[in-house]
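Working notes for the structure below.
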Amino acid sequence: ASTEPRDRWSLDLRDVHDFTVAGEGPASVVKLVDTTERTSDWHVFILQGQARRVVFTDLVVDGNRTGLTEPNEQSHGIEVEAGTEDLVITRCILQDCFGDGVRMLGTPDANVRRVRIDDCLFHANKRSGLGVQRALEQILVIGCLFDATVSDQSIDFEPSGADSPTDFTIDGCTIRHTNRGPAVALTGIRGSDPVVRVKFSNNVVTGGPVFCVDVAQLTVQNNTIVVPADLTGNRIPLQVQRGGDSLVISGNLLMNQSVETKAALALGEVNQRQVSRALVTGNLCRTVAGSGIQVFSSDDVAVEANMLVAEGPCGVGVFVRSEASDVDGVAVRDNDVTANGTGRWTVGVQVAASDPHHVGDVSVVGNTIRGAETGVRFAGGGFLRTPVCGLNQLGLDVATPLDGLPALPEDALVVGGAVSRGGAAPATGGGRVLAGLGTPTDRLEANVGDVFQRLDGGPGPKLFVKESGDGTTDGWAAK
């Protein structure tokens, strides 16, 4: 049936309430008819108006993309439009659509709300299995299979206009991606209109990466993401860029098997939109090339308790860099940087302050590094403050334990103490222990009780104690 103008044909469920479309399994097929005419944006089903409490169950929705002469990529299996609420799609097969198996598209004044899609198979749809656009809230996608998407993402957030999706969960899905694009794109409309409260968890993704842009309150947990060896170009298994705020990335297995990929996990700024307030913890990253974890031009990021495994000639295990803007408030702690077989890292942990951008507060503490030429490296001339660096355990195969002290503003590191700096008032020191080059006298501001260990081989004393003057460069006594 058609109730749509301009040859927009579909089974139209406009304003339907309390309605079930039920089949008897794979033998129950609803399919677009073969035609030699131009089909425009035909859908198998469309929900719009005030559609409420509709259930699709136990049937096959077939877009018949190979039987249409001039199909349109806006031809979808189930088109869910503005005003639809309380929709369930369960135990269905959505296949061979020229557009998306399911597409959801609301408007700011008529959101699509409360949708559950579970136990469905999305197979061989040309554009996407699931297309997500704007003005959506309270969406669950659970236990679905996505296979053989032809041209675009298997799950594609492609919002436009205004009102990015909110409160969206994708859990327990298996995605076998078969084209060169990202397998999953989780994106907002713009920096001021991000997608909010998305949870991507317990999924298995093979054949392509997960790509995130303009996201807020994003959780990516307990997924397996595999980029295969035959995928060309830089296909980072999990990447967040061009705007991210309040992220939890934890417990994921990230496998990069492509020699052209630059990292297993990457956070970075694009177009002056940083990634900030991110917790990256407990991930296992295995890569044949590039870095393990990259944190470029991001603020307030903790990279902790991850395992980074080099399975080929790789770059940096954990790489922090002020690439497009400053970096501040980054902690790299308790990570295990290691190698497997003939794999090797160039550097275990590197912090690079690339002019004209700066690195502010940064700490590198308690990491275990093996299978690397250099353990910890500081590079570039843009450091604003003395980093904290201590108790990193190095394997016997690490030829250069520490590199780059001359790049630091005081040629030194804070390697111990109660706090990283003292105050300017008397008796406000933190009992710091510093290690660096040269002598501290008339060069290194400190508090009474601070200790400086000289690491270079120059003449003179190698141990100094600050005996007078808080927040000054004098008062150092050689021991």
Side-chain angles (χ1 to χ4, degrees), residues 234 236 239-242 262-276 278 280 289-303 308 310 313-333 335 337 344-365 367 369 372-390 392 394 398-415 420-421 434-438 440 443-445 454-456:
N234 183 25
I236 296 170
Q239 184 173 15
V240 183
Q241 67 167 35
R242 207 179 72 198
K262 294 182 179 180
L265 192 163
L267 310 181
E269 175 191 326
V270 175
N271 297 337
Q272 292 77 53
R273 302 214 288 274
Q274 284 191 326
V275 176
S276 301
V280 180
S291 298
I293 295 176
Q294 288 182 350
V295 180
F296 286 0
S297 300
S298 301
D299 289 346
D300 299 320
V301 178
V303 180
L308 302 315
C314 295
V316 182
V318 180
F319 192 6
V320 179
R321 180 181 176 188
S322 58
E323 183 182 49
S325 67
D326 294 352
V327 167
D328 195 17
V330 175
V332 180
R333 55 182 179 248
N335 299 284
V337 181
R344 189 80 175 160
W345 298 103
T346 301
V347 183
V349 177
Q350 178 165 317
V351 182
S354 303
D355 286 333
H357 306 297
H358 301 100
V359 171
D361 290 321
V362 64
S363 61
V364 181
V365 177
N367 302 283
I369 300 170
E373 295 300 318
T374 299
V376 177
R377 172 182 289 164
F378 298 92
F383 287 91
L384 299 178
R385 287 179 286 280
T386 298
V388 174
C389 184
N392 297 290
L394 307 183
V398 178
T400 304
L402 178 63
D403 183 46
L405 286 176
L408 302 178
E410 297 176 314
D411 296 340
L413 295 164
V414 178
V415 298
S420 63
R421 65 171 183 83
L434 299 103
L437 307 177
R443 187 176 58 83
L444 197 154
E445 290 185 0
R454 183 176 179 182
L455 302 181
D456 62 277

Output for pair (Asp328 CG, Leu384 CG), nearest 0.5 Å, gives 8.0 Å
Rounding to 0.5 Å, atoms CZ (Arg273) and CZ (Arg242) come to a distance of 5.0 Å
Hits for salt bridge (Lys or Arg N to Asp or Glu O under 4.0 Å) against Asp326, two or more places apart or cross-chain, chain-then-number order -> none
Smallest heavy-atom separation, Val280 atom then Leu267 atom, equals CG2-CD1, 3.9 Å
Rounded to the nearest 0.5 angstrom, the CG-OG distance for Asp300 and Ser276 is 6.5 Å
- Mark yes or no for whether Asp456, through its side chain, and Gly438, through its backbone, hold a donor-acceptor pair below 3.5 Å. yes
Sequence neighbours excluded, the answer for salt bridge (Lys or Arg N to Asp or Glu O under 4.0 Å) partners of Arg344 is Glu373, Asp397
Value for OG (Ser297) from CD (Gln241), rounded to nearest 0.5 Å, stands at 11.5 Å
- request: Without swapping roles, check the side chain of Ser298 against the backbone of Gln274 for a donor-acceptor pair under 3.5 Å.
  value: no
**Study point:** Test item: Asn234 side-chain N/O and Lys262 main-chain N/O as donor-acceptor pair under 3.5 Å
**Key:** yes
Practice item. Output, in order, the C-alpha distance, side-chain angles, deciding distance and verdict of side chain to side chain contact (heavy atoms under 4.5 Å, CB included) for Phe319 and Val347. Key: CA-CA 9 Å; Phe319 192 6; Val347 183; over 6 Å; no
Could you walk me through whether Val359 and Val320 pass the side chain to side chain contact (heavy atoms under 4.5 Å, CB included) check?
CA-CA 9 Å; Val359 171; Val320 179; 5.7 Å; no
Salt bridge between Asp361 and Arg421, side-chain N to carboxylate O under 4.0 Å?
-> no
When rounded to the nearest 0.5 Å, the distance separating CD1 of Ile293 from CD1 of Ile236 is 12.0 Å
Checking Leu413 against Phe378 for the side chain to side chain contact (heavy atoms under 4.5 Å, CB included) test, could you report, in this order, the C-alpha distance in whole Å, the side-chain angles of both residues, the deciding distance, and whether it holds? CA-CA 10 Å; Leu413 295 164; Phe378 298 92; 3.6 Å; yes
| query | Does the side chain to side chain contact (heavy atoms under 4.5 Å, CB included) test come out yes or no for Trp345 and Leu308, once each step is laid out? | reply | CA-CA 10 Å; Trp345 298 103; Leu308 302 315; 3.9 Å; yes
In terms of heavy-atom contacts, Ser420 and Val388 come closest through CB-CG2, 3.7 Å
* Asked: With no hydrogens and no angle check, is any side-chain donor or acceptor of Asn392 less than 3.5 Å from a backbone partner on Asn367?
  -> yes
pair Val327-Val362: side-chain heavy atoms closer than 4.5 Å = no
Rounded to the nearest 0.5 angstrom, the CZ-OG distance for Arg333 and Ser363 is 6.5 Å
**Prompt:** Does Thr400 reach the main-chain N or O of Gly375 with its side chain, forming a donor-acceptor pair under 3.5 Å?
**Reply:** no
On a heavy-atom basis, the closest approach of Ser354 and Ser322 is N-OG, 2.9 Å
The side-chain contact (heavy atoms from CB on, under 4.5 Å) partner of Pro401 among Leu394, Ile369, Thr374 is Leu394
Distance-only criterion, 3.5 Å: show the donor-acceptor pairs between side-chain atoms of residues 405-412 and protein atoms not counting sequence neighbours.
{"from": "Glu410", "atom 1": "OE1", "to": "Thr386", "atom 2": "OG1", "distance (Å)": "2.5"}

Val376 and Cys389 have their tightest heavy-atom pair at CG1-SG, 4.1 Å
Taking every heavy atom of Ala435 against every heavy atom of Val415, the minimum-distance pair comes out as CB-CG1, 4.0 Å
